Trainee: 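I am attaching a structure below and will ask some questions about it afterwards.
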Amino acid sequence: MNTSSEYIDLVDRNPCVIDARSKNRTEIYTTPGTAELLYDSEQMLLTRIIPATITCPFGIILNCLFLYVVFKVSAMRTLTNMYLSNQAIVDCMFLSLYYIVQVGEPLSTDVVHDKSFLGPVGCFIVNVALDICFFVSEFNILLVTFERYMAICKPFKADRISSKSRTYKLIVLTWIMGFFFSAPISSFYTKWYTTCIIWPPSNETVFLPMTYSNCFSGVWTPLDGILHSLTPIIAFILVITAIIVLNVLTTRDLQRGVRKYSVSAHDLKQRRRQQRPIVVMLAVTAGVLFVCLLPYHLDLIIGYLYNTTHPNSVIIMPQAWNELVRWLPMVNSSINPIIYGILNKQYRRAFIATLACCPSKV
């Protein structure tokens, strides 16, 4: 075959050359084609597509059922459940977007980290929305823990200030905080670029993708590391520390009972007995949040420390660790309704009664 015709054929099907001809403003880079750039289809099926296909829809269904029960049963429309409903909405949003990325990417391309199926706008929206979900989830758990602390440790003040309007405002505040903390990170997803892959000439590589695109600009400077890695790490540490302190104070106050009160001691004792299961449920929920998101934040710390000592390079982590970091956030957003059902008798009764189409007696 004529060499010139081979070259012409290559040019005609090379998107990078087409972009250059049309003076597309998308930034274009080149990289040598290696095996590390390609997905292992069997591995992706077992470690990514199947787990995400099981976990994400399952979690969305459970969270939607929780929202349905709260909406359907009037006794479930408490202030605490308003916060938990906010959590369920965040989890549904996170699982939906996460599923698109985890399954859509390996099904649409053979190249690792290729976000062409999202496009520049979709890539930006999905990544920023996932970051917002992370922050809102953390701040929402902190908020509901603080509300339980107020209800138990400062019951008179809690009765005086508690209201639906206040609860709605605080829920809106969690979203404002989510947008605020994700704003510095969003700048990393504004640059859409295409990388041309130069495969070694062979029959095996002739039909492989010749480009991949992404909107993540990477962490290349100390300032980048602070904005991209330290922002979520600091927020996570502050939230977990505050939750631990609040739970310790709440537990200590529950153990003390009503000895420090001389008025309405019997009523306070009864109220605290009712609050104890809710405190346990929230403590377990916070513990699950910590366990499931800790590997993700450790991964950010490792990446940050590596980038400070090895500028302009990327650390390669073991595949098992990458799958753990990828899978645990899905579990965190899916498991909360199960925790409510196990530890909250009122929700369990309302759930059974609602699904059985029977009048609720909660």
Side-chain angles (χ1 to χ4, degrees), residues 66-67 69-71 73-91 135-181 234-290 336 339-340 343-350 362:
F66 174 79
L67 292 171
V69 171
V70 172
F71 173 78
V73 181
S74 57
M76 291 293 293
R77 297 171 202 157
T78 63
L79 298 184
T80 297
N81 283 341
M82 290 173 64
Y83 295 117
L84 299 183
S85 296
N86 183 44
Q87 186 65 42
I89 293 172
V90 174
D91 289 339
F135 289 120
V136 174
S137 180
E138 292 173 0
F139 289 123
N140 191 69
I141 295 297
L142 172 59
L143 179 59
V144 73
T145 303
F146 175 76
E147 290 296 279
R148 285 306 94 196
Y149 161 78
M150 290 292 294
I152 292 171
C153 300
K154 302 179 184 298
F156 300 120
K157 183 175 182 180
D159 283 340
R160 190 171 65 252
I161 65 175
S162 293
S163 66
K164 282 189 176 182
S165 61
R166 176 178 177 274
T167 301
Y168 285 131
K169 291 175 183 178
L170 291 176
I171 288 174
V172 171
L173 179 62
T174 64
W175 287 92
I176 293 175
M177 294 292 289
F179 277 94
F180 176 79
F181 274 86
I234 291 172
F236 181 71
I237 292 174
L238 290 176
V239 166
I240 293 300
T241 302
I243 289 175
I244 292 174
V245 171
L246 290 171
N247 278 320
V248 169
L249 293 175
T250 304
T251 303
R252 187 182 64 178
D253 207 69
L254 281 171
Q255 291 173 346
R256 285 178 179 177
V258 296
R259 287 176 294 178
K260 64 179 181 178
Y261 295 102
S262 58
V263 181
S264 303
H266 175 74
D267 293 340
L268 284 170
K269 186 175 182 180
Q270 183 68 21
R271 176 174 177 170
R272 288 173 180 227
R273 187 181 295 113
Q274 295 171 350
Q275 294 282 1
R276 188 176 287 110
I278 300 177
V279 173
V280 173
M281 182 188 72
L282 295 178
V284 172
T285 302
V288 170
L289 175 80
F290 174 76
N336 285 335
I339 296 174
Y340 307 154
L343 299 179
N344 191 321
K345 185 184 297 184
Q346 185 187 35
Y347 171 67
R348 187 165 61 249
R349 288 177 177 174
V362 293

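Basis for what follows: all heavy atoms, side chains included, without hydrogens, waters or symmetry-related copies. Model, not experiment: these values are computed from the prediction.
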Trainee: Testing the basics here: between V90 and W175, what is the closest heavy-atom pair and its distance to 0.1 Å?
Mentor: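 So the minimum-distance heavy-atom pair works out to CG2-CZ2, 3.5 Å.
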Trainee: Would you check, one step at a time, whether the test side chain to side chain contact (heavy atoms under 4.5 Å, CB included) holds for M177 with V136?
Mentor: CA-CA 7 Å; M177 294 292 289; V136 174; over 6 Å; no
Trainee: Does the pair Q87 and T285 meet the rule for a side chain to side chain contact (heavy atoms under 4.5 Å, CB included), with working shown?
Mentor: CA-CA 11 Å; Q87 186 65 42; T285 302; 5.9 Å; no
Trainee: Quick check: closest heavy atoms across V73 and A350, and the distance to 0.1 Å?
Mentor: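 Shortest heavy-atom separation between V73 and A350 comes out as CG2-CB, 4.1 Å.
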Trainee: Would you check if F181 and I234 make a side-chain contact, meaning some heavy-atom pair closer than 4.5 Å?
Mentor: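 No, every pair of side-chain atoms sits at 4.5 Å or beyond.
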Trainee: Can you label the angle between the F135 ring and the F139 ring as parallel, tilted or perpendicular, going by 30° and 60°?
Mentor: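 Because their plane-to-plane angle is under 30°, the rings of F135 and F139 count as parallel.
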Trainee: Go through it in stages, so that I can follow the logic: the residues are V144 and L282, the test is side chain to side chain contact (heavy atoms under 4.5 Å, CB included), and I'd like the CA-CA distance, side-chain angles, deciding distance and then a yes or no.
Mentor: CA-CA 8 Å; V144 73; L282 295 178; 3.8 Å; yes
Trainee: Look only at the side chain of N140 and the backbone of Y83, and say whether a donor-acceptor pair between them is shorter than 3.5 Å.
Mentor: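 Judged by distance alone, yes, a pair lies under 3.5 Å.
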Trainee: Can you tell me how far CD1 of I89 sits from OG of S137, rounded to the nearest 0.5 angstrom?
Mentor: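 S137 atom OG to I89 atom CD1 measures 12.5 Å (nearest 0.5 Å).
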Trainee: Hey, mind stepping through F71 and M76 against side chain to side chain contact (heavy atoms under 4.5 Å, CB included) and telling me if it holds?
Mentor: CA-CA 8 Å; F71 173 78; M76 291 293 293; over 6 Å; no
Trainee: Does any N or O in the side chain of N247 come within less than 3.5 Å of the main-chain N or O of I243, such that one atom is a donor and the other an acceptor?
Mentor: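 A pair under 3.5 Å: yes.
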Trainee: Find the distance between CE (M150) and CZ (R160) and round it off to the nearest 0.5 Å.
Mentor: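 With rounding to 0.5 Å, CE (M150) is 8.5 Å from CZ (R160).
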Trainee: Between CG of L246 and CG of L143, what distance do you get to the nearest 0.5 Å?
Mentor: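 L246 CG to L143 CG: 10.5 Å, rounded to 0.5 Å.
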Trainee: L343 and R348: which non-hydrogen atoms are nearest, and at how many Å?
Mentor: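 Minimum heavy-atom contact is N-NH1, 4.3 Å.
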Trainee: Indicate the atoms forming the closest heavy-atom contact of S162 with A158, along with that distance.
Mentor: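 Closest approach of S162 to A158: OG-O, 2.5 Å.
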Trainee: Do T80 and T78 have a side chain donor and acceptor closer than 3.5 Å?
Mentor: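 Their side chains do not contain a donor-acceptor pair, so the 3.5 Å distance test is not met.
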Trainee: Applying salt bridge (charged side-chain N to carboxylate O under 4.0 Å, His left out), can you list everything that pairs with R166, at least two apart in sequence or on another chain?
Mentor: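 Partners of R166 under the salt bridge (charged side-chain N to carboxylate O under 4.0 Å, His left out) test: E147.
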Trainee: Within this structure, what is the OG1-CG distance for the pair T145 and L249, rounded to the nearest 0.5 Å?
Mentor: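 Answer rounded to 0.5 Å: 12.0 Å.
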Trainee: Can you say whether the rings of Y347 and F66 are parallel (under 30°), tilted (30 to 60°) or perpendicular (over 60°)?
Mentor: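 Ring orientation of Y347 relative to F66: tilted.
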Trainee: If I take atom OG1 from residue T167 and atom CE from residue M82, how far apart are they, to the nearest 0.5 angstrom?
Mentor: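 It is 5.0 Å, given to the nearest 0.5 Å.
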Trainee: Out of curiosity, L84 CG to L79 CG, how far, rounded to the nearest 0.5 Å?
Mentor: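 Between atom CG of L84 and atom CG of L79 there are 11.0 Å.
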Trainee: Main chain of I171, side chain of T174: is a donor-acceptor contact present, judged purely on distance under 3.5 Å?
Mentor: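 It does hold such a pair.
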